[in-house]
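Contents: one structure, followed by commentary.
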Amino acid sequence: MAERTLFGEITSEQGTPYASFDQMYSNAADQLGLGPASVGERQFRRWKTHGVLSNPGYPARPVLEYLFPGYTVEELLKPPNLRARQQPIGEGELDMTARDAAEHAEENASRVLPDMSLDQLESDVRRLAGQYQGTPPSDVFREGRRLLELAQDKLERTQRLRQQARLYHAAGCTAALLSAVAFDLGSTANSATFARTAVIYGENIEHGALQAYAYGVLAYLANWEGAPGEAIRHIEKAKGLTGLGATATTRLAVIEGRAHAHRGDHKSVETVIQRSLDVDSPERDDVHDDIGGEFAFPQDRVAMSNATSYLLAGNAAGGEQAAQQALRLLAGMPLAERSSLTSAQAQVDLARALILRGELDGAAEALTPALDLPKERMAAGLLERLAAARRELSHPGLAHARQAVELAERIADSVSLPAARASGGLVAIES
């Protein structure tokens, strides 16, 4: 019995019948520019067993070596040996591999953005965050949408991992800002979607601070929707992340305090509010601290937010004290650095505490700055606080007092108030 050649072994292992091989042979000859060529069935069988006894002539040699790269015709038409079975690497295969590697490197090198364009994007995100409190929400949304689309476009145009990380960070921060502005515009569903988007971008680059900010948004949205248990779960996820600065830790404590207030856990409210005031760490992160602006959470905002939690927990004295602290801190700041929105919200909480004490003259005076704020600046949190003040003016002890009725009408005439919520209309946000 004739011994099988390497050619015969390969074609048998591949299950290549004569008709298929003849077509492969013809196609290879065309690709090599050798003109029409074919193999007879008898010749095919001889190559599989006799091999070198029928040494092929032109164009079989170049065609066979093209079809079986790495082998010479002499190797193909001899019995297989160890060297042949190892399929040695030929010069042609080395050339092709090296060429493919070079082309891939050149293609990726061409997909690089100028670092200056990333610098500009990051600067624009920082500027938007810094101007947030003094800019109408609709304007913030339009600019934020532009920046998010720009970051997403640039992500498609670079293969540099370092640049991709910067762009994911910029896109995540912008999505986080959009989650805040969507809430201010009254769209909690879209706010949650933007927040989840920011979480995903943060996960892509394992950025704890970015994720923590977005989880904080999801937590206060859960408070807003009357689900404080879910809010606390979001906070716990955020607290488990790495890379959080002192500002991030303080903000999470403030939001957690609001959740406990919604649950009626007054002891936990006191504990967590105290924790928010006791954070003493030099740690910073590049979202809450370095970008700052809307991401920052200065002490005036902490005090203002804690005032709301105290009121929600039924602690009017604590609410009044925290609101006054917020206003003192704001008064000590340069005028250009004061947040008119934070001030207005603290004024309303102070008014609410005074209403609960029956001091309507003081409440009317405290409400004036908030009611004088331009309507386009009245974000959802301020409107909800005003709605709560109006409801408190209708309590049985005040319902028939002329001054209470007039003050409630003044609130209603000044702004369009959101509908009362299942939570009784008490604000659930963190700002």
Side-chain angles (χ1 to χ4, degrees), residues 1-118 149-168 204-205:
M1 180 177 179
E3 187 176 2
R4 179 181 290 178
T5 63
L6 177 61
F7 172 88
E9 183 170 277
I10 294 174
T11 53
S12 294
E13 287 178 353
Q14 294 176 346
T16 306
Y18 161 70
S20 297
F21 179 79
D22 184 46
Q23 185 63 52
M24 291 165 56
Y25 188 93
S26 177
N27 292 341
D30 287 341
Q31 292 173 16
L32 292 171
L34 302 179
S38 62
V39 177
E41 185 172 2
R42 182 181 179 188
Q43 184 66 63
F44 176 70
R45 291 198 302 270
R46 288 173 64 83
W47 284 352
K48 293 182 70 171
T49 55
H50 296 286
V52 75
L53 300 178
S54 55
N55 191 24
Y58 186 85
R61 177 177 290 274
V63 172
L64 287 173
E65 291 181 352
Y66 176 81
L67 289 172
F68 301 94
Y71 298 110
T72 64
V73 166
E74 286 74 21
E75 290 171 328
L76 288 167
L77 299 182
K78 288 180 180 179
N81 55 41
L82 181 61
R83 181 173 177 272
R85 287 178 186 274
Q86 290 176 339
Q87 300 188 3
I89 304 299
E91 187 68 22
E93 186 175 358
L94 287 171
D95 288 345
M96 180 176 65
T97 303
R99 185 168 58 252
D100 288 346
E103 289 175 355
H104 183 267
E106 289 174 5
E107 179 183 356
N108 286 345
S110 68
R111 297 183 66 183
V112 177
L113 299 169
D115 280 340
M116 191 66 70
S117 69
L118 274 65
E149 291 173 350
L150 184 61
Q152 291 169 335
D153 176 68
K154 289 181 181 297
L155 275 167
E156 297 295 325
R157 293 165 48 205
T158 182
Q159 290 294 320
R160 289 276 178 91
L161 296 179
R162 174 181 57 81
Q163 292 191 334
Q164 288 178 339
R166 291 178 67 183
L167 288 167
Y168 276 124
N204 286 344
I205 54 175

P17 versus F44: any side-chain heavy-atom pair under 4.5 Å?
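Answer no - side chains too far apart.
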
Check: L76 and W47 side chains under 4.5 Å, non-hydrogen atoms:
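The answer is no; the side chains never approach within 4.5 Å.
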
Results of side-chain hydrogen bond (donor to acceptor under 3.5 Å, both in side chains) for [X] - residues two or more places apart only:
| X | answer |
| --- | --- |
| R45 | none |
| Q164 | none |
| N204 | none |

For residues 28-41, which residue pairs pass the side-chain hydrogen bond (donor to acceptor under 3.5 Å, both in side chains) check, not counting sequence neighbours?
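Qualifying pairs, neighbours excluded: Q31-Y66.
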
ring-ring contact (aromatic ring centres under 6.0 Å, His included) against F68, all qualifying residues, sequence neighbours excluded:
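By the ring-ring contact (aromatic ring centres under 6.0 Å, His included) rule, F68 matches F7.
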
Is the backbone N or O of [Y] less than 3.5 Å from a side-chain atom of [X], with the two atoms forming a donor-acceptor pair by type?
| X | Y | answer |
| --- | --- | --- |
| T11 | G8 | yes |
| Q43 | G40 | no |
| T5 | K48 | yes |

With a 4.0 Å cut-off, would you call R162 and D115 a salt bridge?
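Answer for the salt bridge query: yes.
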
Can you list every salt bridge (charged side-chain N to carboxylate O under 4.0 Å, His left out) pair that touches residues 62-71, not counting sequence neighbours?
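Every salt bridge (charged side-chain N to carboxylate O under 4.0 Å, His left out) pair that includes a residue of residues 62-71, provided the two are not neighbours, is R61-E65.
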
So, taking the atom named CG in D22 and the one named CG in N27, what distance separates them when rounded to the nearest 0.5 Å?
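Between D22 CG and N27 CG, I get 9.5 Å after rounding to 0.5 Å.
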
Could you give the distance from CD (E74) to CG (L6), rounded to the nearest 0.5 Å?
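The CG atom of L6 is 12.5 Å from CD of E74, to the nearest 0.5 Å.
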
Partners meeting side chain to side chain contact (heavy atoms under 4.5 Å, CB included) with L118 (sequence neighbours left out):
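With neighbours one apart ignored, the set is L113, Q163, R166, L167.
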
